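Below, chain A is the first sequence line, B the second, and so on; all start at residue 1. None of these values were measured; they are calculated from a predicted model.
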Amino acid sequence: MQTKVTTALLTALNGAKQKGQLKTPAWPTLSLDAPKRPEWGDLASTVAMSMASSEQKSPQDIAQIIVDNLPERDQLFDRVEIVRPGFLNFTVKPALWQEVLREIDSQGLRYGHADVGSGRRVLVEYVSANPTGPLHVGHGRGAAVGQALVRLLQAIGYDAVSEYYINDAGRQMKLLGVSVYARYQELSGKTVTFPEDGYHGAYIAAVAHRIKEQLDRVAGELNSDALETRCRTLAYQELLGLIRDDLKSFGIEFHSWFSEASLLESKAVDQALDELKSRDLLLQQEGAWWFRSSMYGDEKDRVVKKQDGEYTYLASDIAYHHDKLRRGYDLLIDVWGADHHGYIPRMQAVVQAYGYPKDRLYVVLVQLVKLLRDGVEVKMSKRTGEFITMREVIDEVGADAAKFYFLMRDSKTHLEFDLELAKRQSADNPVYYVQYAHARICSLWRVASARGIARPSIAETDLTVLTDPDELGLIKKLAAYPEVLQTSALAFEPHRMTYYLQQLAAMLHTFYNKHRILPPAGDHEVSETATEVLTPNRVAARLVLMGAVQQVIRNGLDVLGISAPEQM
RNA sequence: GCGCCCGUAGCUCAGUCGGAUAGAGCAUCAGCCUUCUAAGCUGAGGGUCGCUGGUUCGAUUCCAGCCGGGCGCACCA
C-alpha cells in the first residue's frame, strides 16, 4: 500500500515538474507514515514542508500542486487533505485495503517477504562461546538475536547463513584441561591443589566424572602431561556436545561450525599475518609483532604475536575474519556481548587492512540480561562458577517464551527477564498474549467446522462488506507488516517485529471481544446488544480477515524463530 | 582521564533518517464471562521525553556542554 501511494506521489511530483510548477532538482525521500490520529487519514506525507525552502513557496501551495497532479486520484483515495503547516493526508479507498487480504492469502508464508537483498550473501556469526562450560543466559540472548537476524534477512531476500566460531585453541582450552585433570585426580582419590585460575564450576567435576572411564583405561600408559591433554580433548568434546544440545533444544541450528584450532593447524594464521606483513601493516617492536590498526582509526596498534612467540587471541581473529572475507560474503555480521564493544575498531581495521570497506563488517552488540524472580534479582557470578545456564532458563520457561523475552527489547540495552513472569500464562505475559491470538483464530476454524461452516474461498468472498473501522483498522495493521519486516531486518533490530506482533495481537483481541465472527450457535438467542447483522457474506469476509491475521502472526513469529501454536 | 552505549509515566520499555495533542505493558483504581478459548476485553488516573544552550517554520528526535548509570581502555580471552 505504501508503495502504491508513494508511486502516485512521485508521479505527481514529476508531472508538476514537467509543467514547470515545481523546480526542486531532487525530491526528498518520500516517507509515508500512518498518522497518529484517525482523522488524519491512513497515510501522511511531509514532502511539501520539507520542500518549502528549496521551492521558495509555502508548504500549503506545494501541497496543493501535488494534489492537483495526483494520478488516478479518485480510484485510489476517498480523501486527500492538506492540513495546517503542510501535511498531506491520504485516506485510501477501502477497496484497496481489502485487496491486501487477497495478497496475504495468495502469498501465505511469503507475505511480507521482499527482495531488497537481491541474493546478497550475509554471514551471521553468533554465540561462539568458548567450549569450556555450558551456555549461560547471555548466550541465550545472543542466540535468539542471531537466529532472528538470519531469518529476517532471509525474508527480505538476502542469502543469509549462520556460523559458530569455536575457540578451541589457546589458554582457555589449556585451563580447561588442567581443571578437568585436577577433578579427575580427585575422583581417583588423590588430593590436589586446584589451579587458582582454573574453572571452578561444578560442571567441571561432572565432566570429569563422565569421562573417568575413558581416562582410567589409558591412565596407566600415559604420563600426567599426556593425561592432561587427554582430559582437555575429551572435556572439549563433551562440552561442545552440550552446547550443541542446548542450542538444539533452544531451536537453533547453525549452517556451519568453524574451529579456531583449524586455523592454526592449517597455517592460515601465519598466512593471514604474512599478508599483513607484505602490506607493511605488521611491525616488530620490543620483541613482539604489532598489527598497525591505528592506520585505520583504531586508537593504537595491537599485539598479534607476543614476545614469547605465542599468538594472541587477536591473531586467530584476524585469520578468521580474513577467511570469512575471502569466502566472498557481501556482509559479515558479528553478534557480540556489549562488553566487547572496544574490540570493534580493531576488527574494522582488519577488514580495511585486507582492502575491504569497513562497513563490510557490522557488529551487533547484545547487552547483559538481568535475571529476576518475582522482581528480585537472581545473582550470578562467573568467577565462582555459579551462574544461571541457558538450559535452566529454557527448561523453566520454555524456548518460545525465552526467545520472545530476549527479542522484546533493543539488543543494545539491558534486559530484565523475570522468570516467574515468563512462565505465567496470562495476559501479563507477552509471549502467550501473541500466541493466544493465533490460537484463538485456530479455534475459530475448529468451531466453524463443527458447525458445518466451511472455510470460505477468498475468490468467492465479497470483501467489500469489510467497512467497519475495526475491520479496516486490522487490515491496515496487516498492510504495515512488510514495512516492519524490512525495517527490522535492515536495522538489525528484531525487537521491532516483537513489538509489532504485540500490537497486532492486541487489535485482534479487541476485535474478537467486540465483534462476533461466527453467527451465534442456533440454541442461543441473539442478544439485544448485537446490533450488527451477520449476513453470510459478512461471516465469510470476517473469516477471511481472521485467516489473514493468523497468517501474519504466524509469519512474524516464524521470522523470530518462535512457534505459533494452534491450541493453548 | 579517553572512548562507546543508555537516561521517555511509580516500574519495565517502544517511538526519534526533525513534524500535527508523546505510546504500550506491568502496577493502582472502576467495570465486563448463559455467546467464537477471560491465557481475553473496556474505562480512569499517571509525563518539564536527565539538565542547559544552539540549529530550525517546527526538537523527545540533530549539534555542543554538563549531570547520572553501564561497559571498555593488556604482549587476557
Side-chain N or O of A:Thr510 less than 4.0 angstrom from OP1 or OP2 on B:U42?
yes
Atom OH of A:Tyr343 to atom C1' of B:A77: distance rounded to whole Å?
8 Å
Would you mind telling me which residue lines up with the more 5' stretch of RNA chain B, A:Leu314 or A:Ser411, judged by nearest nucleotide?
A:Ser411
Using the C1' atoms only, state how far B:C29 lies from B:C13, rounded to an integer number of Å.
23 Å
Side-chain donor-acceptor pair under 3.5 Å between A:Tyr481 and A:Gln551, yes or no?
no
Examine the side chains of A:Gln435 and A:Asp400 and answer whether a donor and an acceptor come within less than 3.5 Å of each other.
yes
Contact class for A:Ser443 vs. all strands (heavy atom < 4.0 Å): base, sugar-phosphate, or nothing?
base
Considering only heavy side-chain atoms of A:His414, the closest of B:G70, B:C36, B:G23 is B:G70
Tell me whether A:Phe87 and B:G19 count as stacked here, given that the ring centres must be under 5.5 Å apart and the planes must differ by less than 30 degrees.
no
Identify whether any heavy atom of A:Asn130 sits under 4.0 Å from a base atom; if not, whether one sits that close to sugar-phosphate; answer base, sugar-phosphate or nothing.
sugar-phosphate
Does a side-chain N or O of A:Arg440 approach OP1 or OP2 of B:A38 to a distance below 4.0 Å, or not?
yes
Taking atom P in both B:C51 and B:C11, what distance in whole Å separates the two?
15 Å
Rounding to an integer number of angstrom, what distance separates B:G45 and B:G31 when you compare their C1' atoms?
15 Å
When rounded to whole Å, the CD to C1' distance for the pair A:Glu493 and B:C5 reads 13 Å
Separation between the C1' atoms of B:A14 and B:A24, rounded to whole Å:
7 Å
List in chain and number order the residues that pass side-chain hydrogen bond (donor to acceptor under 3.5 Å, both in side chains) with A:Lys305, two or more places apart in sequence or in another chain; answer none if no residue qualifies.
none
Taking only side-chain nitrogens and oxygens of A:Lys514, does any of them come within less than 4.0 Å of OP1 or OP2 of B:C41?
no
Considering the options A:Lys370, A:Arg141, A:Arg409, which one meets the salt bridge (Lys or Arg N to Asp or Glu O under 4.0 Å) requirement together with A:Glu416?
A:Lys370
Taking B:A74 as the reference, what is the distance to B:G3 when you measure between their P atoms (whole Å, please)?
16 Å
Test: A:Glu125 and A:Lys324 ion pair at under 4.0 Å:
yes
Is a donor from one side chain sitting under 3.5 angstrom from an acceptor on the other, for A:Arg232 and A:Tyr236?
no
Identify whether any heavy atom of A:Arg496 sits under 4.0 Å from a base atom; if not, whether one sits that close to sugar-phosphate; answer base, sugar-phosphate or nothing.
sugar-phosphate
Quick one: A:Tyr320 OH to B:A77 C1', roughly how many Å, whole number?
16 Å
What distance, rounded to whole Å, do you find between the two P atoms, one in B:A44 and one in B:U35?
28 Å
Look at the side chain of A:Trp290 and decide which nucleotide, out of B:C75, B:U12, B:C41, has an atom nearest to it.
B:C75
For the side chain of A:His340 and the base of B:G72, is some donor closer than 3.5 Å to an acceptor across the two?
no
Would you state whether a donor and an acceptor, one from the side chain of A:Asp33 and one from the base of B:A20, lie under 3.5 Å apart?
no
The reported gap from CG in A:Asp317 to OH in A:Tyr311 (rounded to nearest 0.5 angstrom) is 14.5 Å
Over how many whole Å does the gap from A:Gln503 atom CD to B:G15 atom P extend?
10 Å
Nearest 0.5 Å please: distance from the OH atom of A:Tyr405 over to the CG atom of A:Asn429.
4.0 Å
Integer angstrom distance from the C1' of B:G10 to that of B:G47:
12 Å
If only side-chain N and O atoms of A:Thr413 are considered, is one of them under 4.0 Å from the OP1 or OP2 phosphate oxygen of B:A14?
yes
Rounded to whole angstroms, how far apart are CZ on A:Arg171 and C1' on B:A77?
8 Å
Would a distance-only check, ignoring hydrogens and angles, find a side-chain to backbone donor-acceptor pair under 3.5 Å from A:Asn89 to A:Gly41?
no
Within the pair A:Tyr512 and B:C33, is there a side-chain N or O less than 4.0 Å away from OP1 or OP2?
no
What integer number of Å spans the C1' atoms of B:A22 and B:G68?
23 Å
Looking only at side-chain atoms of A:Ile517, point me to the closest of B:A20, B:C36, B:C13.
B:C36
Calculate the interatomic distance between A:Lys300 atom NZ and B:G3 atom P; express it in whole Å.
15 Å
Both atom distances under 3.5 Å, Watson-Crick or G-U wobble: I'd like the secondary structure of RNA chain B as a dot-bracket string, with | for pairs made across strands.
(((((((..((((.....[...)))).(((((.......))))).....(((((..]....))))))))))))....
